[in-house]
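Below is a structure I'd like to ask you about.
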Amino acid sequence: MIQTDFLVIGSGIAGLTFAVKMARQFPDKTITILTKANTDETNTKYAQGGIAVVNDLEKDSFQKHIDDTLVAGDGLCNPEVVEIVVKEGPARVNEIIEWGAQFDKDPEGDYMRGKEGGHSEFRILHHKDITGFEIERALVEEARSHKNISIHNHWFVLDIITQHHLGHLVTKSTPDIECYGVYALNLQNYNIEKILSKVTVMAAGGVGQAYRTTTNPKIATGDGIAMAYRAKARIENMEFIQFHPTALYEAGVSPSFLITEAVRGDGAILRNKAGDAFMLQYDSRADLAPRDVVARAIDNEMKRTGTEHVYLDCTHMDPIKFKEHFPNIYAKCKSIGIDALEDYIPVAPAAHYCCGGIKTDQVGGTSIRHLYACGECASTGLHGANRLASNSLLEALVFAHRCGKDAAAKIDLLAFEERIPEWNALGTTEPQEMILITQSLKELQQVMSDYVGIVRNDVRLHRALNRLDLLHSETEELYRSSIVSPQLCELRNLITTAYLIVKSAQFRKESRGLHYNTDYPAKSELLQNIVL
Ligand code: FAD
Ligand code: SIN
């Protein structure tokens, strides 16, 4: 059993930032980070384009970044949260620069700024095309330098502990549900440990693995959202799954390699099978329209021309600048026989980002006491119906800070709940057939990609729910009788996440932002968040 003042689930930008802040403020308190893979195996590590931030008020303004975010969010952003993130962003980015993160500068020493879809200005700080790798590197190094932070790699968090584990009935309407810590599976010895905490922060990232084609690494299985839902936290806006328009098309390869939107920001053009630039037919902002618009346009071109992909044309771009800004993309394309400066790059949309998640207030507090959420698993109100490109790293920094500020003010008033029982594994046995789990995962990803993708309708959603019901009952049976394994738990969490996406999509009787339902192609007058 472990007891820790601050428990952090996840070692991406959100979890590490929170941990470092608490470690600096409270050298005598303990901070424990649990992560189910290697420390740096996170969505954060794969971020490419950069971090959107207004850091030159002569060339840009807070108001413009606010307006761009609100336009992309299609009516559902919380304007107060947008203002908070945009205005507090520069200070938070400066902090990670102080901790060692480096962003590209020009020969005069000014930050170079990129542009992506939906941005009215060049404001995206980046480290070549591997911004996330650089941020994760700096944060991991900073976290490791603090003696009071313990990072436990390969610990799979199974469930949040609440009054339910003390034998009380806990439902969504139970007032004052409290979080006392988590149960976690130590993947080195397969023991299930009870970890008691005063404050718990869920920073477990995204859900991309619910789809067959995704830019997200294997760790993105919606565990944080599913655990929070099981513990009866409020989950909102799960229908808004963002598909990135330009993932490299390589048949059968998963996850898909991203071709950052910053390439289009620097002038690349989308072309269809016939070689025609098509984006202007869909939107006056052409290749730099917000992501929902571009992904739908590509989807339509692919269906219209019967192809599996469209092309990204970089052949007219300055070769020296291209190789300087996008060395990783250039090398990756080259490795599969494509010279990005001479050949068109085949690209197709891929599931990329979850705009909804665990509902939080403005300090990252969830509907469960002492449980905070930040980063991709949280729904703070910033993104609304469609996240503006490169706003998520910024949101993670701002909300990790806000969670920390609130938790810091409360920590000395909190105590451990000592009555929590050990995990009960009675009656479970080693699962006989791993194939049951891998096959169900494939089915789930197929169902979500075929019926709950970029374009939806009521019949498809209904079919998806029926298929999920079956997968759910089969998997629950397996879960009840088997010794837990990460594969089984991830499958279970993905089914829950998929269920939340489908149910939210069914409740939204309109098309808005990333949710496009051909049975309700217009926007409704009623502005509402779907909360489950
Ligand atoms: P993550 O970085 O995903 O970290 C999640 C952590 O939780 C991991 O450590 C994982 O192991 C852990 N975890 C999960 N489940 C469990 C469990 N059950 N038990 C224990 N640990 C668990 N955003 C931008 O703003 N700009 C960009 O340029 C950009 N580019 C992107 C490019 C790609 C290819 C991808 C995939 C995303 C990109 N994004 C970008 C989005 C952004 O990277 C993510 O939203 C952000 O990094 C999420 O950070 P996080 O800390 O919330 O989660
Ligand atoms: C990209 O670099 O295109 C991804 C940026 C993001 O997801 O915000």
Side-chain angles (χ1 to χ4, degrees), residues 8-18 33-53 114 116-119 124-127 129-133 135-136 139-140 151-160 182-185 187 201-209 214-227 242 244-248 255-265 291 294 326 329 350-355 357 373-378 383 387-397 399-400 486 489-490 493:
V8 182
I9 302 158
S11 54
I13 186 170
L16 290 174
T17 303
F18 175 88
I33 301 177
L34 301 181
T35 180
K36 68 178 174 178
N38 290 339
T39 312
D40 69 349
E41 189 50 12
T42 59
N43 272 11
T44 301
K45 177 176 158 186
Y46 297 94
Q48 288 191 2
I51 184 157
V53 67
E116 293 177 29
H119 287 274
I124 298 168
L125 299 189
H126 52 85
H127 182 99
D129 53 356
I130 51 164
T131 310
F133 185 89
I135 291 177
E136 184 72 18
L139 289 174
V140 170
I151 305 181
H152 295 271
N153 291 336
H154 303 281
W155 279 56
F156 191 104
V157 178
L158 299 169
D159 262 319
I160 295 165
V182 301
Y183 291 111
L185 173 65
L187 297 172
V201 175
M202 189 59 79
V207 309
Q209 288 291 327
T214 176
T215 62
N216 290 192
K218 298 281 179 212
I219 54 106
T221 52
D223 300 352
I225 294 170
M227 276 187 261
Q242 184 170 72
H244 196 292
T246 57
L248 179 64
S256 303
F257 180 82
L258 185 73
I259 307 289
T260 173
E261 214 163 284
V263 178
R264 274 176 286 135
R291 254 174 218 178
V294 182
F326 308 114
I329 291 175
H352 181 63
Y353 184 84
C354 179
C355 293
C374 54
E376 189 164 340
C377 69
H383 308 307
R387 174 178 68 100
L388 182 67
S390 286
N391 260 0
S392 72
L393 295 173
L394 189 73
E395 180 199 40
L397 290 179
F399 269 87
C489 292
E490 286 184 342
N493 289 334

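Count residues from 1 along the sequence. All ligand and atom numbering here is 1-based and tracks the order in the structure.
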Under a 4.0 angstrom heavy-atom cut-off, which atoms of ligand 2 come close to Thr260?
1 (C), 2 (O), 3 (O)
Residue portion contacting ligand 1 (non-hydrogen atoms closer than 4.0 Å) for His244:
neither
Atom indices of ligand 1, in the order listed, that fall short of 4.0 Å to a heavy atom of Leu34
20 (C), 21 (N)
Please find the pair of heavy atoms, one from Leu248 and one from Ile259, that lie closest to each other, and give the distance.
N-CG1, 4.0 Å
For Glu116, atoms of ligand 2 separated by under 4.0 Å from a heavy atom
1 (C), 3 (O), 5 (C)
How close does the nearest protein non-hydrogen atom get to atom 21 (N) of ligand 1, and which residue and atom is it?
Lys36 N, 3.1 Å
Using distance alone, determine whether Val157 and ligand 1 share an N or O pair under 3.5 Å.
yes
Would you mind running through ligand 1 and noting each atom that sits below 4.0 Å from a heavy atom of Gly375?
52 (O)
Flag Gly49 as yes when one of its N or O atoms lies below 3.5 Å from any N or O atom of ligand 2, and as no otherwise.
yes
Taking all non-hydrogen atoms of both residues, which atom of Asn38 and which atom of Asn153 are closest, and how far apart?
C-OD1, 4.0 Å
Heavy-atom contacts with Glu261 under 4.0 Å: which atoms of ligand 2 show up? List them by number with element.
1 (C), 2 (O), 3 (O)
What are the atoms of ligand 2, with element, lying closer than 4.0 Å to any heavy atom of His352?
4 (C), 6 (C), 7 (O)
Can a non-hydrogen atom of Ser392 be found less than 4.0 Å from any atom of ligand 2?
no
Can you tell me if Glu41 uses its side chain to pair, donor with acceptor, with the backbone of Ile219 under 3.5 Å?
no
Non-hydrogen atoms of His154 versus ligand 1: any pair closer than 4.0 Å?
no
Atom 31 (C) of ligand 1: nearest protein contact (heavy atom, Å):
Ala47 CA, 3.3 Å
Could a heavy atom of Ala203 be found less than 4.0 Å from some atom of ligand 1?
yes
Distance-only, no hydrogens or angles: does the Thr44 side chain make a donor-acceptor pair with backbone N or O of Glu136 under 3.5 Å?
no
Asn493 contact mode with ligand 1 (heavy-atom cut-off under 4.0 Å):
neither
Would you check, one step at a time, whether the test side chain to side chain contact (heavy atoms under 4.5 Å, CB included) holds for Asp223 with Cys489?
CA-CA 8 Å; Asp223 300 352; Cys489 292; over 6 Å; no
Please confirm whether the backbone N or O of Phe133 pairs with a side-chain atom of His127, one donor and one acceptor, at under 3.5 Å?
no
Could an N or O of ligand 1 be found under 3.5 Å from any N or O of Gly15, whether backbone or side chain?
no
Side chain of Thr42, backbone of Lys45: donor and acceptor closer than 3.5 Å?
yes
With a 4.0 Å cut-off on heavy atoms, does Thr131 reach ligand 1?
no
Among Arg387, Glu376, His383, His244, find the residue that satisfies the side-chain hydrogen bond (donor to acceptor under 3.5 Å, both in side chains) test when tested with Tyr353.
His383
Give the minimum heavy-atom separation between Lys36 and Leu187, together with the two atoms involved.
O-CD1, 3.7 Å
Look only at the side chain of Glu116 and the backbone of Glu261, and say whether a donor-acceptor pair between them is shorter than 3.5 Å.
no
In terms of residue, atom name and distance, what is the protein heavy atom nearest to atom 8 (C) of ligand 1?
Thr42 CG2, 3.7 Å
Would you say Ala396 touches ligand 1, if touching means a heavy atom closer than 4.0 Å?
no
Select one of side chain, backbone, both or neither to describe which atoms of Leu258 lie under 4.0 Å from any atom of ligand 2, heavy atoms only.
side chain
Enumerated ligand 1 atoms positioned under 4.0 Å from heavy atoms of Tyr353
45 (O)
Under 4.0 Å from a heavy atom of Ala389: which atoms of ligand 2 are those, numbered in the order shown and with their elements?
8 (O)
What heavy-atom pair brings Ser390 and Gly49 nearest, and what distance separates the two atoms?
OG-C, 4.2 Å
With heavy atoms of Ser11 as the reference, note each atom of ligand 1 found under 4.0 Å away.
6 (C), 8 (C), 9 (O)
Nitrogen or oxygen of Ala14 less than 3.5 angstrom from that of ligand 1
yes
Contact region, Arg387 to ligand 1, non-hydrogen atoms below 4.0 Å, reads side chain
Look at ligand 1 and say whether Ile51 reaches it with a heavy atom at a distance under 4.0 Å.
no
Looking at ligand 1, would His352 count as a contact under a 4.0 Å heavy-atom criterion?
yes
Any Glu116 heavy atom less than 4.0 Å to ligand 1:
no
Considering only heavy atoms of Ser390, which atoms of ligand 2 have at least one such atom less than 4.0 Å away?
5 (C), 6 (C), 8 (O)
For His126 and Thr131, does a side-chain donor sit closer than 3.5 Å to a side-chain acceptor?
no
Counting from 1 in the order shown, the ligand 1 atoms closer than 4.0 Å to a non-hydrogen atom of Glu376 are 44 (C), 45 (O), 48 (C), 52 (O)
Could you tell me the residue and atom name of the protein heavy atom closest to atom 12 (C) of ligand 1, and the distance to it rounded to 0.1 Å?
Gly10 CA, 3.6 Å
Before giving the answer on side chain to side chain contact (heavy atoms under 4.5 Å, CB included), spell out for Val182 and Met227 the whole-Å C-alpha distance, their side-chain angles and the decisive distance to 0.1 Å.
CA-CA 10 Å; Val182 301; Met227 276 187 261; 5.7 Å; no
Can you pull out the closest protein heavy atom to atom 26 (N) of ligand 1? Residue, atom name and distance to 0.1 Å, please.
Gly50 O, 2.7 Å
Checking Val140 against Ser11 for the side chain to side chain contact (heavy atoms under 4.5 Å, CB included) test, could you report, in this order, the C-alpha distance in whole Å, the side-chain angles of both residues, the deciding distance, and whether it holds?
CA-CA 8 Å; Val140 170; Ser11 54; over 6 Å; no
Short list, please: which atoms of ligand 1 are under 4.0 Å from a heavy atom of Asn216?
36 (C)
When every non-hydrogen atom of Ala396 is compared with those of Ile13, the smallest separation belongs to CB-CG2, 3.5 Å
To check you understand the geometry: which heavy-atom pair defines the closest contact between Gly222 and Val207, and what is its length?
CA-CG1, 3.7 Å
Where ligand 1 meets Asp223 - atom numbers and elements under 4.0 angstrom, heavy-atom basis:
15 (N), 16 (C), 17 (C), 18 (N)
Within the structure, is a non-hydrogen atom of Gly132 found at a distance of less than 4.0 Å from ligand 1?
no
What do you reckon, does His244 put a non-hydrogen atom under 4.0 Å from ligand 2?
yes
Between Arg291 and ligand 2, find which residue part has any heavy-atom pair under 4.0 Å and reply side chain, backbone, both or neither.
side chain
Out of all atoms in ligand 2, which are within 4.0 Å of some heavy atom of Arg387? Include the element for each.
6 (C), 7 (O), 8 (O)
Proximal ligand 1 atoms for Trp155, defined as those under 4.0 Å from one of its heavy atoms:
19 (N), 20 (C)
Could you tell me whether Lys218 and Glu490 make a salt bridge, using a distance below 4.0 angstrom between a side-chain N and a carboxylate O?
no
Around atom 46 (C) of ligand 1, find the nearest protein heavy atom and jot down its residue, atom name and distance.
Thr44 OG1, 3.9 Å
Which residue supplies the protein heavy atom nearest to atom 23 (N) of ligand 1, what is that atom called, and how far is it?
Ser392 OG, 2.8 Å
Nearest non-hydrogen protein atom to atom 1 (P) of ligand 1, with distance, is Asn43 N, 3.6 Å
